[in-house]
Amino acid sequence: LLGEYVTLVEAIDGTQKAIPLYEELIALNPNDNQGIRAFLATAYIATNRLEEVLTLDKKYPGDAMVELSAGTLLALYKLGRRDAARARIKATKKHLAHVFREIIKTEHPQPKLIPGRIRVGGDDEAWLYWQNQGTFWMATPGAREFLKEHTSG
């Protein structure tokens with residue numbers, strides 16, 4: 001119920017009000033089998049709480065949630081930590097290749113979506129990531145170019 005409530009709070013009262021509730025959910029369920037860390041990572045980026053994205057990432061090393069993994073890359077770039085961002089690209093290139101391709105695209109047509117399902121590594125997962133965090137990439141000068149430069153070849 002708290003998970004449903006926090007999405008309502010975010011929609012009505014905004015991301016800043018939702019963050020403590022997302023954090024509470026993770027405190028109540030540290031292994032986060034609900035995937036709340038994806039919402040929290042996006043909320044942190046939306047509110048420019050970039051160090052908190054990095055702290056969250058450390059709690060879930062090697063995480064498969066693309067919002068946290070790719071969001072951490074964006075946070076590193078925004079913080080000016082280019083060496084760490086390059087290392088992050090290299091470390092996640094295989095797992096996030098589909099997400100990286102989506103970020104670099106100039107147009108983002110919606111792929112076929114299966115209600116209630118996301119194919120890990122699929123075009124749908126990459127497109128849904130873009131829907132969640134794409135505007136932050138677009139609003140960060142040079143971020144997409146940096147990603148393209150370090151993923152080509």
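The first residue of the sequence shown is numbered 1, and numbering continues consecutively from there.
- Classification of the Phe146-His150 ring pair by plane angle, with boundaries at 30° and 60°, yields tilted.
- Val66 and Leu113 end up in different hydrophobic clusters when Ile, Leu, Val, Met, Phe, Trp and Tyr side chains are linked at under 4.5 Å.
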Derivation and outcome, side chain to side chain contact (heavy atoms under 4.5 Å, CB included), residues Tyr44 and Leu50: CA-CA 6 Å; Tyr44 283 154; Leu50 304 175; over 6 Å; no

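- No continuous path of ILVMFWY side-chain contacts below 4.5 Å connects Leu96 to Ile118, so the two sit in separate hydrophobic clusters.
- Between the side chain of Asn132 and the main chain of Leu128, a donor-acceptor pair closer than 3.5 Å is present.
- Figure legend: Arg37 and Tyr60 shown as a cation-pi pair, the cationic atom lying under 6.0 angstrom from the six-membered ring centre and within 45 degrees of its axis.
- To the nearest 0.5 Å, atom CD1 of residue Ile19 and atom CG of residue Leu40 are 6.5 Å apart.
- Distance alone, capped at 3.5 Å, places no donor-acceptor pair between the Ser69 side chain and the Met65 backbone.
- Within the 4.5 Å cutoff, the side chain of Ile12 has heavy atoms near those of the Leu8 side chain.
- The closest side-chain heavy-atom distance from Gln110 to Trp130 is not below 4.5 Å.
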task: Kindly indicate, with the supporting measurements, whether the criterion side chain to side chain contact (heavy atoms under 4.5 Å, CB included) is fulfilled by Leu54 and Arg81.
output: CA-CA 12 Å; Leu54 304 183; Arg81 299 180 190 171; 3.0 Å; yes

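- In this structure, the separation between CG on Leu56 and CD on Glu23 is 9.0 Å, given to the nearest 0.5 Å.
- Here the side chains of Thr72 and Leu68 are in contact, with some heavy-atom distance below 4.5 Å.
- Val53 has its side chain out of reach of Arg49: every pair of non-hydrogen atoms, C-beta onward, lies at least 4.5 Å apart.
- Put simply, the side chain of Arg88 reaches to within 4.5 Å of the side chain of Asp57, judged on heavy atoms.
- Looking only at distances, no side-chain donor or acceptor of Trp127 sits under 3.5 Å from a matching main-chain atom of Glu102.
- Residues Phe100 and Leu73 have side chains in contact (heavy-atom distance under 4.5 Å, counting atoms from C-beta outward).
- Environment of CG in Asp123: sparse, with no more than 12 heavy atoms of neighbouring residues, nucleotides or ligands closer than 6.0 Å.
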message: Quick one, Gln133 with Tyr129, criterion side chain to side chain donor-acceptor pair (under 3.5 Å). Give me CA distance, side-chain angles, the key distance, then yes/no.
response: CA-CA 6 Å; Gln133 292 187 10; Tyr129 170 78; 2.7 Å; yes

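- The two residues Gln16 and Thr47 have their closest heavy-atom pair at OE1-CG2, 3.3 Å.
- In the displayed structure, Lys105 atom NZ is contacted under 6.0 Å by more than 12 heavy atoms of other residues, nucleotides or ligands.
- Taking each heavy atom of Asp83 and Arg86 in turn, the nearest pair found is OD1-NH2, 2.6 Å.
- The shortest distance between side-chain heavy atoms of Lys78 and Asn48 falls below 4.5 Å.
- Between the Arg119 side chain and the Glu125 main chain, no donor and acceptor come within less than 3.5 Å of each other.
- Ion pairing between Lys58 and Asp63 fails under the 4.0 Å rule for side-chain N and carboxylate O.
- Between the CD1 atom in Ile114 and the NZ atom in Lys112 there is a gap of 6.0 Å [rounded to 0.5 Å].
- Looking at Tyr77 and Trp137, their side chains never bring a donor and an acceptor atom within 3.5 Å of each other.
- If you check the side chains of Glu10 and Tyr22, you find a donor sitting under 3.5 Å from an acceptor.
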task: Take Asn29 and Asn33 through the side chain to side chain contact (heavy atoms under 4.5 Å, CB included) test and state the conclusion after the steps.
output: CA-CA 8 Å; Asn29 182 14; Asn33 61 335; 2.6 Å; yes

field: Candidate pair Glu67 and Phe39, rule side chain to side chain contact (heavy atoms under 4.5 Å, CB included), full reasoning
entry: CA-CA 8 Å; Glu67 290 84 359; Phe39 299 108; over 6 Å; no

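- Note that CG of Leu25 and CG of Leu2 are 4.0 Å apart. Values are rounded to the nearest 0.5 Å.
- Between Arg101 and Lys148, every side-chain heavy-atom pair lies at or beyond the 4.5 Å cut-off.
- Atom OG1 of residue Thr15 and atom CD1 of residue Ile45 lie 11.5 Å apart, to the nearest 0.5 angstrom.
- Residue Ile36 holds its CD1 atom at 7.0 Å from CD1 of Ile26, rounded to the nearest 0.5 Å.
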